[in-house]
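Nothing here was measured: the structure is a model prediction, and the numbers come from that model. Heavy-atom basis, side chains included; hydrogens, waters and symmetry copies ignored.
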Amino acid sequence: MTVAAGSATGAESLVQSVDWLAIAPPVIAASAALLILVADLFVGERHKTLLGYGAVAGLVAALAVLVPLRAGDRSTFCLTGATQACSYTADHFALVIQALVLGGALLTALLSIGDTRKLPAGEFWFLLLSSAAGAALLPAARDLATLVVALEVASLPAFALVGIKRGDRRSSEAALKFFLSSVVATAVMLLGVSFVYATTGTMHLTEIAARLDDVPGRFTTLAEAGVVLTLVGFAFKTAVAPFHFWVPDTYVGAPLPIAAYLSVVGKAVGFSGLILVTVIGFPSYADVWGPALAVLAALTMTTGNLAALRQNATRARSAVRLLAWSSVGQAGYLLVPIAAAAYAGDTQIGSTVAYALMYAVVNLGAFAVAALVARSHPGNRLGDYRGLYATRPLAALALGFFLLCLAGLPPGIVGLFAKVTVFSTAVDAGLGWLAVVMAVNVVIALYYYLQWTAALFRSPAKDTAAEDVPAAPTHRVPAPLTVAIVLTAVAGITLSGAPQLILRFAAVSLF
């Protein structure tokens, strides 16, 4: 009887209680995806728009659940033994990134309503919400298995979203490039993860950090290889040079709302994973990943900005291509505080998250205006924006504001303060050379941002006035698209009116 009682007690100790509130954001997004996929079977073609509004409602509900979690002190799926390691932690870092990715998905949904007439609506909204669920799960993941699964749940639907325009050769090519590059990245990352597991015997990031401190000499090379390969895998996901080659063609071939989604949510997912594995999992190897990320940051921002300079105003889809290369350059800035964390501690990570929040708002706003212009100019050339103020003054003012935020110039004060925080992290960490490279790249980026901004307020060229800038808007703007532009503009203006929030946020430890 004693043995039986002891066995029963041991069995009970292995049962984990699930904190349903902590995991609610990704669960709600995933549940909404399934409901919409089923509802698509019963909704007629004339009412497919209702599925889009259902997706918006699901994302709003997922965002609302973050409010009771704001204390940032909940964990679940924890080990029941002496080691207190958990697979899911809703700390402040996770909650901020979840707010970013779910908010980005919400704005993407608003951009997509009305533009999915030629797309399979049920599949589109199911894929978007599924990807958002994976994106919301990833920042809370605290073991490598959950991290990889969340990353793939966020990525796999994105492949299909990029190529969802049936019969469009450019869309199919973009999806194929995106798929192949991501598969290679996943394979490299899984190899690195397997090396780390072979060295430490655990998947939990906190346990990995403790065991990497005391790796036997014969396993040192294996551990270093695991760290490097894991970082390379995330470098593909975050479009870090020289692993960025898929970005311009993917953004150009994808539906415009999906390009916006990849530029913000996809980037946030990759950088969240990169932060978790470096700062929490591999602090013992900061001397390996710190210098590597610093070099990659310099290379990425330089590559992106120089390529953006080369965009021809008359080339088809040159506006989207410029935003794509701009996103590569911005990825370089986002890498700087992560590299600085290797030298000055994880308090530097707040600067990356603060910059990501600024970038998400204004970049989604720029894509929203691009979606508006694309309704009357499907070619979406940079030349199509010349004289935009004459026909759509509010849209031109909004786009000009977004571009100035990305450039870091007034009245886009929030962009200036975000760049200052990133710059200061490099200086404080002793990376003076990286700060100089960043300053040079900020000056380079000013040229193409200001050139595009100036074009908005010029008079249209005489030979292209009839084609590029119609006398009056001829296409009705969907209300959700207007709402998306207004939301991003209001958020950007609010942040510019209180830029000290960026500085305060950057100084807070999120872990």
K.L.:
With sequence neighbours left out, write down each residue that passes ring-ring contact (aromatic ring centres under 6.0 Å, His included) with F159, or none if nothing qualifies.
P.N.:
F178, F179
K.L.:
Which residues pass the side-chain contact (heavy atoms from CB on, under 4.5 Å) test with P411, sequence neighbours left out?
P.N.:
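By the side-chain contact (heavy atoms from CB on, under 4.5 Å) rule, P411 matches F401, L404.
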K.L.:
Considering residues at least two apart in sequence or located in another chain, which fulfil the ring-ring contact (aromatic ring centres under 6.0 Å, His included) criterion with Y448?
P.N.:
none
K.L.:
Any side-chain donor paired with an acceptor under 3.5 Å for T302 and N441?
P.N.:
yes
K.L.:
According to side-chain contact (heavy atoms from CB on, under 4.5 Å), who are the partners of L127, at least two apart in sequence or on a separate chain?
P.N.:
P157, A160, L161, I164
K.L.:
Only pairs at least two apart or in different chains count here, so list each side-chain hydrogen bond (donor to acceptor under 3.5 Å, both in side chains) that has a residue in residues 416-438.
P.N.:
Y355-K419
K.L.:
Taking all heavy atoms of L276 and all of A141, pick out the closest pair and write down the distance.
P.N.:
CD1-O, 3.5 Å
K.L.:
Using atom types as modelled and distance alone, determine if a side-chain donor or acceptor of R381 lies under 3.5 Å from a backbone N or O of T314.
P.N.:
yes
K.L.:
Do L102 and P25 come within less than 4.5 Å of each other through their side chains, counting heavy atoms only?
P.N.:
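Yes; the side chains approach each other to less than 4.5 Å.
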K.L.:
Could you tell me whether the side chain of L274 reaches within less than 4.5 Å of the side chain of L231, counting heavy atoms only?
P.N.:
yes
K.L.:
Only counting residues at least two apart or in another chain, list the ones meeting ring-ring contact (aromatic ring centres under 6.0 Å, His included) with W289.
P.N.:
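For W289, no residue satisfies ring-ring contact (aromatic ring centres under 6.0 Å, His included) once neighbours in sequence are set aside.
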K.L.:
So, T303 side chain and T300 main chain: donor-acceptor pair closer than 3.5 Å or not?
P.N.:
no
K.L.:
With under 30° as parallel and over 60° as perpendicular, where do the rings of F245 and F236 fit, or are they tilted in between?
P.N.:
perpendicular
K.L.:
Among residues at least two apart in sequence or on other chains, which ones pass side-chain contact (heavy atoms from CB on, under 4.5 Å) with A455?
P.N.:
none
K.L.:
If the condition is side chain to side chain donor-acceptor pair (under 3.5 Å), which residues does Y359 pass it with, not counting sequence neighbours?
P.N.:
N363
K.L.:
I'd like to check L357 versus V96 (side-chain heavy atoms, cut-off strictly below 4.5 Å). Are they in contact?
P.N.:
yes
K.L.:
In this structure, which one of L110, V264, L106 forms a side chain to side chain contact (heavy atoms under 4.5 Å, CB included) with L364?
P.N.:
V264
K.L.:
Hey, does the side chain of S326 reach the backbone of G304 with a donor-acceptor pair shorter than 3.5 angstrom?
P.N.:
no
K.L.:
Could you check whether any side-chain heavy atom of F124 comes within less than 4.5 Å of a side-chain heavy atom of L51, counting everything from C-beta outward?
P.N.:
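No, side chains not in contact.
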K.L.:
If we count only N and O atoms by modelled type, under 3.5 Å, do the side chains of S131 and Y261 hold a donor and an acceptor together?
P.N.:
yes
K.L.:
From I97 CD1 over to S272 OG, what is the distance, rounded to the nearest 0.5 angstrom?
P.N.:
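Those atoms lie 4.0 Å apart.
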K.L.:
Which residues pass the salt bridge (charged side-chain N to carboxylate O under 4.0 Å, His left out) test with D249, sequence neighbours left out?
P.N.:
K177, R321
K.L.:
Would you mind reporting whether V373 and L399 have side-chain heavy atoms less than 4.5 Å apart?
P.N.:
no
K.L.:
Which residue pairs pass the side-chain hydrogen bond (donor to acceptor under 3.5 Å, both in side chains) test when at least one of the two sits in residues 97-107, sequence neighbours left out?
P.N.:
Y88-Q98
K.L.:
Using ring-ring contact (aromatic ring centres under 6.0 Å, His included) as the criterion, list what pairs up with Y343, not counting sequence neighbours.
P.N.:
none
K.L.:
Check for a donor-acceptor pair, side chain of S496 on one end and backbone N or O of V414 on the other, with a separation under 3.5 Å.
P.N.:
yes
K.L.:
The criterion is side-chain contact (heavy atoms from CB on, under 4.5 Å); which residues satisfy it with A319, sequence neighbours excluded?
P.N.:
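N380, L382, Y385, W452.
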